[in-house]
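Following: one structure in structure tokens, then a few remarks.
Order of the sequence lines sets the chain letters (A, B, ...), proteins ahead of strands, with each chain counted from 1.
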Protein chains: 2
Amino acid sequence: MPTEALTRRARRAARPGPGPTAAPGLSARDRAYQDLRHRILTGRLAPGTTLLETELAALLGLSRTPVREATIKLAEEGLIDIRPRHGITVRTVSPEDVRDILDVFSALEIRAVELVARRGLTDEELAHLQQMLSRMERLTAAGDIARWSDMDDDLHSTIVALCGNPRLLRTLGEYWGQQYRARLLILPLRPAPVQSDLEHRAMLAAIAARDVEAARRTHQQHRDRADAQQVELLRARLGSGAA
Amino acid sequence: MPTEALTRRARRAARPGPGPTAAPGLSARDRAYQDLRHRILTGRLAPGTTLLETELAALLGLSRTPVREATIKLAEEGLIDIRPRHGITVRTVSPEDVRDILDVFSALEIRAVELVARRGLTDEELAHLQQMLSRMERLTAAGDIARWSDMDDDLHSTIVALCGNPRLLRTLGEYWGQQYRARLLILPLRPAPVQSDLEHRAMLAAIAARDVEAARRTHQQHRDRADAQQVELLRARLGSGAA
DNA sequence: TCCCTTCGGGCTGTATACATTGCGCGGCGG
DNA sequence: CCGCCGCGCAATGTATACAGCCCGAAGGGA
């Protein structure tokens with residue numbers, strides 16, 4: 001298992017934070033939130049795990065109040081279920097859930113790309129993105145799917161970050177967290193992403209040309225295909241082995 | 001079942017009648033949340049209003065704990081700002097915010113319509129929607145913009161409710177709340193929605209024909225035009241008169 | 001007069017205490 | 001042997017207590 005990639009991703013998983021540092025100065029609620037989110041996304045809190053508020057508080061070394069507030073947030077993000085009297089359960093990722101999540105996620109991402117295309121790219125931004133694409137193509141050729149997947153995440157989030165709509169970014173981040181574990185699960189099953197590389201090139205060209213309609217169309221095609229594949233692989237993964 | 005959608009909407013938006021006396025079986029947190037949301041959306045808590053946690057708790061007759069949890073939820077929904085030591089402020093609706101909100105909202109709604117088109121409509125659903133359109137056209141002819149606007153909300157939420165993706169519906173609801181006050185504000189400025197009526201007919205035809213691409217295209221056109229108008233009217237409204 | 005510093009008050013964030021309520025288990029009856 | 005009922009407990013939801021921090025005001029010095 002590429003633990004290094006996991007770590008790298010894990011750091012991104014706790015997105016708004018400054019880094020992996022011990023989080024000084026942060027409120028206990030935020031620490032609880034980030035810590036729990038991090039543990040869930042990296043699998044250190046496995047799907048299906050059930051804990052009581054008291055146990056969570058003990059686990060994190062805090063009182064129930066901030067932990068409770070954090071769990072409410074996580075429940076609204078769809079990462080856990082709160083069942084009163086039955087504890088707090090880490091949600092599993094069923095193919096049906098993932099399909100629903102990706103339906104929303106892709107709609108948002110497509111809109112973000114449209115906004116970026118409308119706005120256009122600076123030369124630096126374009127050069128940077130092209131460089132990322134080249135690196136990804138080399139990784140594809142080398143068969144390093146894990147690192148490619150990392151960069152794919154990076155590429156997408158780098159592009160959408162340029163859209164200039166903070167609410168859109170926020171909601172995108174929520175749904176990103178919901179589909180992240182599914183992505184990890186199917187990672188070893190993914191074929192060489194030759195098609196994705198091509199689609200990325202087309203998308204970037206459309207964005208650079210400030211052709212909103214082409215950007216929408218190419219990105220939608222990309223997502224439709226990639227999402228269907230992801231759901232299919234997940235179904236295979238869950239059908240064959242354990243979660 | 002035309003009343004069901006109406007009831008749903010009325011419950012979500014405005015019900016100044018009976019008042020907050022009814023508190024059946026709901027938790028204090030939920031009561032606080034719904035009560036506050038209701039007051040904000042209807043304007044009984046005007047934009048810019050600032051209150052302290054203690055004051056809010058006193059206002060609702062609860063202790064700080066559930067009120068605090070409710071405010072966290074409302075802040076995440078974008079209805080209030082929490083500024084530690086400065087109180088909790090009801091957010092104002094600037095045209096820029098509304099543009100950002102509508103960008104997300106329309107992306108989600110378009111996706112929902114695509115899903116409905118893919119799924120198709122039963123005869124009852126189609127008949128019901130057509131009936132709504134006819135009623136709206138009559139209201140347009142009669143110049144009753146207020147009631148038309150109500151039914152427009154109803155129509156849109158009735159359609160998207162058929163999409164079968166609960167997460168999508170949930171997020172749509174959040175953004176609906178954020179744009180609701182802007183809609184109210186510009187209501188008296190709206191011209192006769194002849195164009196919208198036409199677009200609605202086209203949308204419904206595309207959905208009924210299960211033509212996903214046509215549904216997407218017609219709905220996107222509808223939203224692009226209507227959203228631009230809404231932002232423009234809001235700008236006029238805020239530029240001329242009070243906030 | 002204006003800025004800097006210090007002090008005090010109070011608001012929030014966290015911990016803890018208390019009440020409520022629903023679940024599970026054990027006993028009883030069929 | 002199985003199902004149903006009621007009791008006890010414990011987990012949550014809510015209230016309250018406590019402490020830290022920040023902001024602002026006021027006073028002194030340049």
Side-chain angles (χ1 to χ4, degrees), chain A residues 14 16-18 21-40 45-91, chain B residues 19-40 45-91:
Chain A
T21 48
L26 263 174
S27 72
R29 176 178 27 141
D30 289 342
R31 265 180 293 152
Y33 171 77
Q34 291 186 5
D35 194 349
L36 286 177
R37 179 177 157 103
H38 181 257
R39 288 184 200 227
I40 291 169
L45 236 49
T49 309
T50 295
L51 291 168
L52 269 28
E53 281 188 1
T54 318
E55 295 173 315
L56 267 182
L59 180 68
L60 303 179
L62 297 165
S63 80
R64 275 179 53 218
T65 309
V67 173
R68 181 180 161 83
E69 287 172 355
T71 58
I72 291 172
K73 237 165 128 176
L74 290 168
E76 296 200 352
E77 274 186 46
L79 290 179
I80 62 176
D81 274 330
I82 297 177
R83 293 185 313 169
R85 304 248 150 216
H86 288 267
I88 287 138
T89 305
V90 180
R91 291 189 71 159
Chain B
T21 48
L26 268 173
S27 71
R29 177 181 25 147
D30 289 341
R31 266 181 293 154
Y33 171 76
Q34 290 185 2
D35 194 350
L36 287 177
R37 180 178 157 103
H38 180 256
R39 288 185 199 225
I40 292 169
L45 235 50
T49 309
T50 294
L51 293 167
L52 293 127
E53 283 188 1
T54 318
E55 296 173 315
L56 267 182
L59 180 69
L60 302 180
L62 298 165
S63 80
R64 273 178 56 220
T65 310
V67 173
R68 181 180 161 82
E69 287 172 354
T71 58
I72 291 173
K73 237 165 129 177
L74 289 167
E76 296 200 352
E77 272 185 47
L79 291 179
I80 62 176
D81 274 329
I82 297 177
R83 291 185 313 168
R85 315 246 148 219
H86 288 267
I88 287 137
T89 305
V90 180
R91 293 189 70 159

How many Å lie between [atom1] on [X] and [atom2] on [N], as a whole number?
X	N	atom1	atom2	answer
B/L26	D/dT12	CG	P	20 Å
A/E69	C/dT14	CD	P	7 Å
A/E53	C/dC18	CD	P	19 Å
B/I82	C/dG13	CD1	P	8 Å
A/I88	D/dT12	CD1	C1'	10 Å
B/L62	D/dT14	CG	C1'	9 Å
A/R68	C/dT16	CZ	C1'	14 Å
B/R29	D/dA15	CZ	C1'	15 Å

Going by side-chain hydrogen bond (donor to acceptor under 3.5 Å, both in side chains), A/D35 matches just one of A/H38, A/R37, A/R39. Which one?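 In the set A/H38, A/R37, A/R39, the residue that makes a side-chain hydrogen bond (donor to acceptor under 3.5 Å, both in side chains) with A/D35 is A/R39.
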
For A/G61 and for B/T54, locate the closest nucleotide of DNA chain C by heavy-atom distance; then report the residue assigned to the nucleotide nearer the 5' terminus.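 This one resolves to B/T54.
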
If you check every side-chain atom of A/L52, which of D/dG13, C/dT12, D/dT12 has the closest atom?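 The listed nucleotide nearest to A/L52's side chain is D/dT12.
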
Test side-chain contact (heavy atoms from CB on, under 4.5 Å) on B/T71 and B/L56; report intermediate values, then the result. CA-CA 10 Å; B/T71 58; B/L56 267 182; 3.8 Å; yes

Quick one: do B/R83 and B/T89 satisfy side-chain contact (heavy atoms from CB on, under 4.5 Å)? Show the steps, please. CA-CA 8 Å; B/R83 291 185 313 168; B/T89 305; 4.3 Å; yes

Write down the atom of B/V90, the atom of B/L45, and the distance for their closest heavy-atom approach.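 Closest approach of B/V90 to B/L45, heavy atoms only: CG1-O, 3.7 Å.
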
Indicate for each nucleotide in nucleotides 20-26 of chain C, in 5' to 3' sequence, whether protein heavy atoms under 4.0 Å reach the base (B), only the sugar-phosphate (S), or nothing (-). -BBSS--

A/L36 vs A/L60, side-chain contact (heavy atoms from CB on, under 4.5 Å): CA-CA, chis, key distance, verdict: CA-CA 9 Å; A/L36 286 177; A/L60 303 179; 3.9 Å; yes

For residues 55-65 of chain B, pull every pair meeting side chain to side chain donor-acceptor pair (under 3.5 Å), keeping only residues two or more places apart or in separate chains. B/E53-B/R64

With a non-hydrogen cut-off below 4.0 angstrom, is A/T65 in contact with a base, only sugar-phosphate, or nothing? base

Categorize A/R64 for me: base, sugar-phosphate, or nothing, with a 4.0 angstrom heavy-atom threshold over every strand shown.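 Counting heavy atoms under 4.0 Å across all strands, the contact made by A/R64 includes a base.
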
Show your reasoning for whether side-chain contact (heavy atoms from CB on, under 4.5 Å) applies to B/L62 and B/R68. CA-CA 10 Å; B/L62 298 165; B/R68 181 180 161 82; over 6 Å; no

